[in-house]
Amino acid sequence: MDNRQCVGTSLVPEPPAPRRRVLRRVLVASLAGGVVAGAVLMLLPHERRHGPAAPPAAGPEARPRAQVPVLTTVTYGVPAALPGLTALIGRQERLVRAQPQDARAWAVLGSAYVERGRRAGDAADYPKAERALRESLKVRGGRNTGALDGLAALALARRDFPAAKGYGEQALKAAPKRWQAYPPLIDAYTGLGDYEKARSTLDKLLALRTDAAARPAVMARASAVYRDRGWREDAVAQLTDAAAAARTPAEQAAWLAGLGQLAWERGDLADALRHFEAALRLDPDQRAAATGRARTLAALGHTAQALAAYRAVVAKQPNPADLLELGELYESLGQPGVAEEQYTRMKEAVRRAVSGGVDEEVLIGRYEADHGDPWDGVERLREEWRRQPGIEVADALGWALHRAGEDEEALTFATTATDKEKGGGVRSALYAYHRGVIEAELERYAPARRHLEEALRINPYFSPLKAPLAREALRELGDVPDEPPPSE
């Protein structure tokens, strides 16, 4: 029963102890972090919050932000506008100061911190969220589903899928007819590589009777599961219906950004750009849409516009993944010095994220594999695979092993990431490219050619650095005979 704490009649899993090993070479000095001790009420922030920075232009049709609805609560999977979240946080902070024994007020405050941190890409909100949610459990344990939902959402924001599973299963056990308990569990199972559980949990969610307000979020969760199964048309249909049924501009913008991402993944640049810009017109704070727009502009060859869009995104909130992407774009343009500046900024952003409890091991492992010490990436990703073996980790570990010269073992993980029976079934150009390169290194030329062709067929623009390398690798392979059929 390690890492568990009795709260009322419920066993609530504590988050894993902070890692203390030194991040070698060029990254974080230490992964150790912690929550500042002291009374929770004294730790509520009094500092002035900075308002949202000016958003990147969303095209000539951009228009002022729609009226933001007044929020009274936060639900995982139901997007909310950043100004509304900040206003809700202010009201809840005042409420818990006036009524410190109000468990629901603490839970709403903690959940609002989680959602604001996730939406803004700012992990500084996560320790505040944890303090508020644990205070809610301290005031009222047992069937405190609001706090358990919030802790599951927090664990997902931190990429701690085992903890998210623990909290989510407790919330579901406490109230199995609540639809809100299902989306976090689906995402936790997916992150752990348990795709059967993710699918069966979705089936249970779809069987529930939900009101009109919940249906867009349910459809969006179904879309994510269908996408992971490789059911592209079904994923698009569900998300299109979710966008049509959305009840707020922020919610509709999130689903439109998701449609843009699905279009990007299949290499449909015009459709991707259309959806990203529509999302930004509705909600200029929609960070995924802003990054997607920048990525799509780069693929379209609008380099100056793409760089301006990326710079606007990372100026607003320097997210590690966005900075890595920008650095690789500069590298593809033959500007290694400017690329290195972005990688340096990425490392600082990683430090901030880790201090907020975020697991950035996959991103660090990818960076080390391609730009640093591949063996460091292998070590990190092996540990990550043991803890939460999803297909994203399998692909990253396989590629790091390849870069470290261990191609036989690399192929086992690359196969897991691309095998529809072993993995989630997602069609990823990057994963197919990685597998093709590894197979070519092992002189398995026919499957290598198939997977490199598949990568470019899925999305010819999947990476400014690696898509050209995929085309070059195919030219070097030339015409290779198909493998003979297996003997009977």
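Only this structure's heavy atoms are used, side chains among them; waters, hydrogens and symmetry mates stay out. The model shown is predicted, which means the values in this text are computed figures rather than measured ones.
- Checked against salt bridge (Lys or Arg N to Asp or Glu O under 4.0 Å), Glu325 has the following partners two or more places apart in sequence or in another chain: Arg295.
- Here the side chains of Asp271 and Arg274 are in contact, with some heavy-atom distance below 4.5 Å.
- With values rounded to the nearest 0.5 angstrom, Gln261 atom CD is found 12.5 Å from His275 atom NE2.
- Counting only heavy atoms from C-beta outward, the side chains of Tyr226 and Leu202 approach each other to under 4.5 Å.
- Summarising the geometry of Leu208 relative to Trp179, their closest heavy-atom pair is CD1-CA, 3.8 Å, with the distance given to 0.1 Å.
- Taking a cutoff of 4.0 Å between a charged side-chain nitrogen and a carboxylate oxygen, Arg227 and Glu265 qualify as a salt bridge.
- Leu323 and Ala349 get closest at one heavy-atom pair: CD1-CB, 4.0 Å.
- Using a 4.5 Å cut-off on side-chain heavy atoms (C-beta onward), Trp399 and Val437 make contact.
- Using a 4.0 Å cut-off between charged side-chain N and carboxylate O, Arg345 and Asp322 make no salt bridge.
- Taking CG from Asp283 and CD from Glu251, the interatomic distance works out to 11.5 Å, rounded to the nearest 0.5 Å.
- At a threshold of 4.0 Å, the pair Arg382-Glu409 counts as salt-bridged, since one of the basic side-chain nitrogens sits closer than that to a carboxylate oxygen.
- Note on residues 230-242: no pairs pass side-chain hydrogen bond (donor to acceptor under 3.5 Å, both in side chains), not counting sequence neighbours.
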Side chain to side chain contact (heavy atoms under 4.5 Å, CB included) between Leu326 and Leu307, worked out: CA-CA 8 Å; Leu326 177 56; Leu307 291 173; 3.9 Å; yes

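- Looking at residues two or more places apart in sequence or on another chain, you find a side chain to side chain contact (heavy atoms under 4.5 Å, CB included) between Ala289 and Ala257, Phe276, Ala279, Leu280, Gln286.
- Scanning both residues, Gly398 and Ile438, for their nearest heavy atoms gives O-CD1, 3.8 Å.
- Salt-bridge check for Arg387 with Asp160: passed, with a basic side-chain N closer than 4.0 Å to an acidic carboxylate O.
- Remark: the Glu441 side chain and the His402 side chain contain no N/O donor-acceptor pair separated by less than 3.5 Å.
- Thr416 places a side-chain N or O within donor-acceptor distance of the main-chain N or O of Thr412, the cut-off being under 3.5 Å.
- Interatomic distance, Arg435 CZ to Thr415 OG1, rounded to the nearest 0.5 Å: 4.0 Å.
- Here Arg351 pairs with Glu348 in a salt bridge; the nearest charged N to carboxylate O distance falls below 4.0 Å.
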Worked verdict on Thr145 versus Gln180 for side chain to side chain contact (heavy atoms under 4.5 Å, CB included): CA-CA 9 Å; Thr145 55; Gln180 294 92 336; over 6 Å; no

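- Glu368 places a side-chain N or O within donor-acceptor distance of the main-chain N or O of Asp373, the cut-off being under 3.5 Å.
- The side-chain heavy atoms of Glu361 and Gln388, taken from C-beta on, include no pair separated by under 4.5 Å.
- Using cut-offs of 30° and 60° for the angle between ring planes, the Tyr343 and Tyr367 rings count as perpendicular.
- Considering NE2 of His302 and CG of Leu273, their distance stands at 7.5 Å, rounded to 0.5 Å.
- Using a 4.0 Å cut-off between charged nitrogen and carboxylate oxygen, Lys347 and Glu340 count as a salt-bridge pair.
- Listed by chain and residue number, Glu392 satisfy the salt bridge (Lys or Arg N to Asp or Glu O under 4.0 Å) test with Arg159 (two or more places apart in sequence, or in another chain).
- A donor-acceptor contact shorter than 3.5 Å is absent between the side chain of Tyr195 and the backbone of Val225.
- Taking each heavy atom of Pro79 and Ala254 in turn, the nearest pair found is CG-CB, 3.4 Å.
- Closest heavy-atom contact between Ala220 and Ala242: N-CB, 4.2 Å.
- The main-chain N or O of Val78 is never found under 3.5 Å from a side-chain atom of Thr75 such that the two would form a donor-acceptor pair.
- A salt bridge links Arg221 and Asp187; the closest N-O separation between the charged side-chain nitrogens and carboxylate oxygens is under 4.0 Å.
- Side chain of Ser200 to main chain of Lys197: a donor-acceptor pair is present (N/O by atom type, distance under 3.5 Å, no hydrogens or angles).
- Between Asp285 and Lys316, the closest side-chain pair of non-hydrogen atoms falls below 4.5 Å.
- Note on Glu453 versus Arg449: salt bridge recorded, some NZ/NE/NH1/NH2 to OD/OE distance being below 4.0 Å.
- The salt bridge (Lys or Arg N to Asp or Glu O under 4.0 Å) check on Glu169 picks up Lys165, with sequence neighbours excluded.
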Working for side chain to side chain contact (heavy atoms under 4.5 Å, CB included), residues Leu456 and Leu474: CA-CA 10 Å; Leu456 294 170; Leu474 275 173; 3.7 Å; yes

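- Each of His451, Arg450, His434, Arg444 was compared with Glu439 under the side-chain hydrogen bond (donor to acceptor under 3.5 Å, both in side chains) criterion, and only His451 meets it.
- Nearest heavy-atom pair across Pro374 and Ala404 is CB-N, 3.8 Å.
- For Glu472, there are no salt bridge (Lys or Arg N to Asp or Glu O under 4.0 Å) partners, not counting sequence neighbours.
- Note: Asp149 CG to Tyr76 OH = 11.5 Å, rounded to the nearest 0.5 Å.
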Leu329/Gln342 under side chain to side chain contact (heavy atoms under 4.5 Å, CB included): CA gap, chis, key distance, verdict: CA-CA 10 Å; Leu329 176 58; Gln342 307 313 311; over 6 Å; no

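- For the atom pair Arg366 CZ and Arg403 CZ, the distance stands at 13.0 Å (nearest 0.5 Å).
- By the 4.0 Å N-to-carboxylate-O rule, Asp228 lies too far from Arg199 to be salt-bridged with it.
- Under the 4.5 Å side-chain criterion, counting only non-hydrogen atoms from C-beta, Leu465 is not in contact with Asp370.
- By the 4.0 Å N-to-carboxylate-O rule, Arg119 lies too far from Glu115 to be salt-bridged with it.
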